[in-house]
K.L.:
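Questions regarding the structure given below will be posed in turn.
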Amino acid sequence: MSPVAVLVRSGDAGRGDVADGPGGGPDAPRGAEPAGAVPGRRPRLRRAGRWAAGLAKFDITGVFFATLFLCWSLTPSLLPRGWLFQGLIGGISAALGYGTGLFVGWAVRRVYLDRRTWWPLPRRRLHAVRVAVATVCVAATLGMLVLSSMWQRELAALMGMEGASTGGYIRAGLVTVGVLAAVVTVVRLLRDAALWVGGALARRTGMPRAAAVAVGTIAVAAIALVLVDEVLLRVTEGVTNRIFSANNEATPPGIEQPLQAERSGSAASLIPWDTLGYEGRYFVARGWRQDELQRQTGAPARQPIRLYVGLDSAPTPQSRMRLLRDEMARTRAFDREAVVVIPTTGTGWVNPTAAQAIELMYGGDTAIIASQYSYKPSAVSFLTDRDAAAEAGRRLIDTVHGAYEEAVAEEPEDDRPELYVYGESLGVTAGEGAFASLTDIRETVDGVLWVGPPNSSRLWRSIVTRRDPGTDEVEPTYAGGLVVRFANDAQDIRADEREAADGESMWLRPRVLYIQHPSDPVVWWSTDLLIHRPAWLSETPGYDRLAAMRWFPLVTFWQVSADLAMAADVPDGHGHNYGTQVLDGWAAVAAPPGWTDADTERTRVLLQRAREHQGPEK
C-alpha cells in the first residue's frame with residue numbers, strides 16, 4: 001500500500017476491530033443482512049451506519065503519536081496561555097501527531113511487521129494492546145495537564161500575572177478533544193471523497209484501483225485548495241478589508257481636530273483632518289501641548305510638531321510624499337533640534353509613549369513625521385504586505401532625508417537638527433527598507449531606535465546571524481558593540497551607557513539600538529520553527545522565559561503562533577509590550593547634551609502620568 005493510500009485510509013491499522021455482530025464479521029458474504037437488522041432497511045441507511053462506525057474508530061498508532069504531540073504542546077511557550085488557547089494549540093498539535101502516527105504505522109507494517117509470521121496478532125491480544133495504549137495515553141494527558149498548569153503559573157509569576165488554576169486548565173483537554181475530532185472528521189470526509197472519486201474512475205475507465213485512488217486524492221486536494229483560496233480566503237479578505245477600511249474612516253472617542261498649526265489636520269495644515277485615518281487622527285491630536293509641557297517639566301518648551309499623511313490624503317504614494325514634503329516646509333520642521341521619522345505599523349499606528357518620550361526630552365523642540373501605508377493590522381500586513389511595508393518605509397525616510405539635505409545645506413554642521421529613525425514591530429521592517437547596511441544608516445541619520453523587530457526583518461536577521469562568536473541570539477553582540485547594540489531591558493541599556501562613561505568600551509555615534517524581550521513572540525516567531533530548533537532555545541533563557549521551554553518539531557511553531565495573538569496583552573517589559581523602555585532607548589541613542597539618569601527617571605514619571613491622563617497606548 002502506498003503512502004497516498006495510507007493518508008486516505010486512516011483506519012487500516014484497526015481493520016476488523018469494530019465489534020462484529022453475528023453475521024456481520026469479516027467472513028460474512030458481501031451484502032448479507034446483519035443479524036437483527038430491521039427488515040426492509042434501505043441499503044443507504046446501512047451504509048450510513050457503517051460510515052458512522054468507521055468515523056468513530058481511531059488508529060491506535062495515530063492515537064499514540066497524537067498524545068505525544070499533545071504532551072509536547074502542553075510544555076511552556078513564551079507567554080502564559082489560558083485554557084482555551086491551550087486547547088486550540090493542543091488540538092492542532094494532536095491532529096498533526098495523528099497524521100504522523102498513521103504514516104509511521106504504515107511504514108512499520110510495510111517494512112517490518114508484514115514480514116513476520118506472528119503478524120497480525122490474534123484479535124484478543126490486539127484488542128488488549130489497544131486498550132493498554134489508550135489507557136496510557138489518557139493517563140499521560142491528564143498528568144501533563146496538571147504539570148502544564150504548574151508551568152503556566154510559574155511563567156505568569158515571572159511577568160507579574162495571575163496564573164491558571166489546575167482545575168480550570170483541565171478544560172483545555174476537552175477543547176483539545178473537540179478540535180482533534182473536528183480535524184480528523186474533515187480529513188476523513190476528504191478521504192471518503194477521494195475513495196469515491198477513485199472508485200468511480202476505476203469502474204468507468206478500467207484504471208487500476210491504486211492509481212485511480214491516487215488520481216482521486218489529487219483531484220479532491222486540488223478542489224479543496226481552490227475552494228479555500230478562491231472562495232474562503234477571498235471572501236474573508238473582502239470582509240476584513242471592509243471592516244478595516246470602515247475603522248480607518250472612524251475617529252477615536254474623545255479625539256478632536258487639533259488647533260495648533262504645528263499639527264497635520266489642523267485648519268492651517270495642507271493635509272485635511274478627515275483624510276488622516278483612525279491612527280493618524282489619534283497621533284496628531286494626542287500628546288502635551290507647549291503650555292502643558294512647560295507645566296509638567298517646569299522648563300521653557302516649544303510647541304511640538306507632529307506631521308502625518310494618511311492613505312486618503314492623496315491618491316498615490318508619490319503624491320502623498322509630495323504633500324508631506326510641503327507640510328515639512330510649512331511648519332519649518334528642520335528648524336527644530338530633533339527630527340524623528342517613524343515608519344508606522346500596519347494600521348498606521350505610532351506608539352504615543354515613544355513620541356511623547358522624545359518630546360519631553362527635548363522640551364517640545366521636535367518634529368515627528370509619519371505616514372500611513374495600510375489600514376490592515378500588523379499581523380495581516382505582515383502576511384500580505386511585508387514588501388509594501390519595506391517600500392513605504394524607504395519612501396518615507398528618503399523623502400524626509402532629501403528634504404532635510406535641502407533645508408540644511410547652507411547651515412553650519414553644529415546648527416543642523418539631529419535626524420533620528422524610530423520603528424516598532426512591523427515599523428522596524430518598514431524602517432529597515434530604507435537602508436542597505438549599517439554603513440548606510442550611519443551616513444544617513446544620527447541614530448536609530450528599533451523596538452520589537454519581527455524575526456524576518458532583513459537587517460536585524462543579517463546582524464544576528466553574523467554576531468560575535470560566543471554571544472547569544474537573544475542578546476547578541478556585533479563587532480564588539482561599536483555601532484549596533486541589542487538590549488533586553490532598561491538595565492541592559494544603562495549598562496551600555498555606564499561602560500561608555502567608564503571608558504571600558506566605546507559605542508560610536510550615530511548609534512543603532514534594538515530592544516527585544518526574551519519573551520516577545522514577534523521577535524522569535526519564524527516558519528523555521530516547524531523543522532529547525534532555533535539558537536535562542538538552546539541558550540540560557542532570558543529573564544522572563546522558563547528554562548522548561550523546549551523545541552519540538554511542528555508543535556513549537558504552533559505554540560509561538562498562538563503567543564502572537566497575546567503578544568501585547570502582558571505587563572510592561574514583557575512580550576511585545578515595551579512600555580517606558582523606549583525612553584531608556586531614546587536616552588541611549590538620542591539624549592540631548594547633559595542628559596542624566598535622574599532626567600530619565602523624572603521623565604518616566606511624566607510618561608506614566610500622561611498614560612493615566614490620556615489613556616492606554618494600545
Side-chain angles (χ1 to χ4, degrees), residues 241-296 301-314 320 323-324 327-328 330-331 333 340-360 364 366-378 381 396 422 424-427 568-569 577-580 582 606-618:
N241 281 346
R242 284 194 293 272
I243 293 173
F244 298 143
S245 179
N247 184 70
N248 187 62
E249 296 173 0
T251 299
I255 296 299
E256 298 180 354
Q257 183 179 9
L259 302 177
Q260 295 75 20
E262 291 83 0
R263 303 290 177 109
S264 291
S266 64
S269 174
L270 303 173
I271 304 176
W273 166 254
D274 59 359
T275 69
L276 294 178
Y278 185 94
E279 297 294 353
R281 288 189 282 272
Y282 189 77
F283 168 65
V284 300
R286 275 187 56 134
W288 279 325
R289 308 303 193 266
Q290 180 181 14
D291 58 334
E292 294 173 317
L293 281 172
Q294 292 178 165
R295 186 166 58 251
Q296 295 294 333
R302 297 186 67 180
Q303 190 71 254
I305 295 174
R306 289 193 177 191
L307 306 182
Y308 192 99
V309 61
L311 278 176
D312 297 330
S313 298
R320 288 194 288 272
L323 192 57
L324 191 58
E327 274 284 89
M328 288 185 276
R330 179 187 69 82
T331 57
V340 182
V341 189
I342 301 184
T344 62
T345 62
T347 57
W349 177 77
V350 176
N351 186 339
T353 299
Q356 286 193 290
I358 196 73
E359 289 171 344
L360 283 164
T366 57
I368 302 178
I369 305 167
S371 68
Q372 180 187 23
Y373 69 88
S374 174
Y375 48 73
K376 301 174 184 176
S378 289
S381 295
L396 173 63
Y422 175 85
E424 183 167 342
S425 193
L426 194 59
D569 298 333
N577 191 348
Y578 288 84
T580 60
V582 295
L606 296 177
L607 287 174
Q608 296 287 3
R609 189 181 303 167
R611 183 183 300 186
E612 295 170 1
H613 173 67
Q614 298 179 0
E617 62 184 40
K618 297 184 181 182

K.L.:
If you look at every heavy atom in Ala333 and Ile305, which pair is closest and at what distance?
P.N.:
CA-CD1, 3.9 Å

K.L.:
Please confirm whether the backbone N or O of Leu311 pairs with a side-chain atom of Arg320, one donor and one acceptor, at under 3.5 Å?
P.N.:
yes

K.L.:
Considering non-hydrogen atoms only, spot the tightest contact between Ser264 and Leu276 and give its length.
P.N.:
O-CD1, 3.9 Å

K.L.:
About how many Å separate CZ of Arg263 and CD1 of Ile368, when rounded to the nearest 0.5 Å?
P.N.:
8.5 Å

K.L.:
So do Arg609 and Leu606 actually touch side chain to side chain, heavy atoms under 4.5 Å?
P.N.:
yes

K.L.:
Look only at the side chain of Thr344 and the backbone of Ser371, and say whether a donor-acceptor pair between them is shorter than 3.5 Å.
P.N.:
yes

K.L.:
Which atoms form the tightest heavy-atom contact between Tyr278 and Thr251, and what is the distance?
P.N.:
CE1-C, 4.1 Å

K.L.:
Return the OG1 to OH distance between Thr353 and Tyr578, rounded to the nearest 0.5 Å.
P.N.:
14.0 Å

K.L.:
Hey, does Val340 have a side-chain heavy atom less than 4.5 Å from the side chain of Thr366?
P.N.:
no

K.L.:
What distance do Tyr308 atom OH and Ile369 atom CD1 have between them, rounded to the nearest 0.5 Å?
P.N.:
13.5 Å

K.L.:
Can you give me every donor-acceptor pair (side chain of residues 252-261, partner residue at least two apart or in another chain, under 3.5 Å) with its distance?
P.N.:
residue	atom	partner	partner atom	Å
Gln257	NE2	Gly265	O	2.6
Gln260	OE1	Arg289	NE	3.1

K.L.:
Could you check whether any side-chain heavy atom of Tyr422 comes within less than 4.5 Å of a side-chain heavy atom of Asn351, counting everything from C-beta outward?
P.N.:
yes

K.L.:
About how many Å separate CD of Gln294 and CD of Glu292, when rounded to the nearest 0.5 Å?
P.N.:
11.0 Å

K.L.:
Could you tell me whether a side-chain N or O of Arg281 sits under 3.5 Å from a main-chain N or O of Glu249, the two making a donor and an acceptor?
P.N.:
yes

K.L.:
Under the 3.5 angstrom rule, does the side chain of Glu262 hit a backbone N or O of Pro304 as a donor-acceptor pair?
P.N.:
no

K.L.:
Using a 3.5 Å distance criterion without hydrogens, assess whether the side chain of Glu327 forms a donor-acceptor pair with backbone atoms of Leu270.
P.N.:
yes

K.L.:
Which pairs with one or both residues in residues 341-360 pass salt bridge (Lys or Arg N to Asp or Glu O under 4.0 Å), sequence neighbours excluded?
P.N.:
Arg306-Glu359

K.L.:
Going by heavy atoms in the side chains, are Glu279 and Thr345 under 4.5 Å from each other?
P.N.:
no

K.L.:
May I ask you to test the Thr347-Asn247 pair for a side-chain heavy-atom distance under 4.5 Å?
P.N.:
no

K.L.:
How far apart are the C-alpha atoms of Leu307 and Ile271, what are their side-chain angles, what is the distance that settles it, and do they pass the side-chain contact (heavy atoms from CB on, under 4.5 Å) test?
P.N.:
CA-CA 9 Å; Leu307 306 182; Ile271 304 176; over 6 Å; no

K.L.:
Give the minimum heavy-atom separation between Ala301 and Gln290, together with the two atoms involved.
P.N.:
O-NE2, 2.8 Å

K.L.:
Calculate, to the nearest 0.5 Å, the distance between atoms CD and CG belonging to Gln372 and Asp312 respectively.
P.N.:
7.5 Å

K.L.:
Does any part of the side chain of Trp288, heavy atoms only, come nearer than 4.5 Å to the side chain of Leu360, both counted from C-beta?
P.N.:
yes

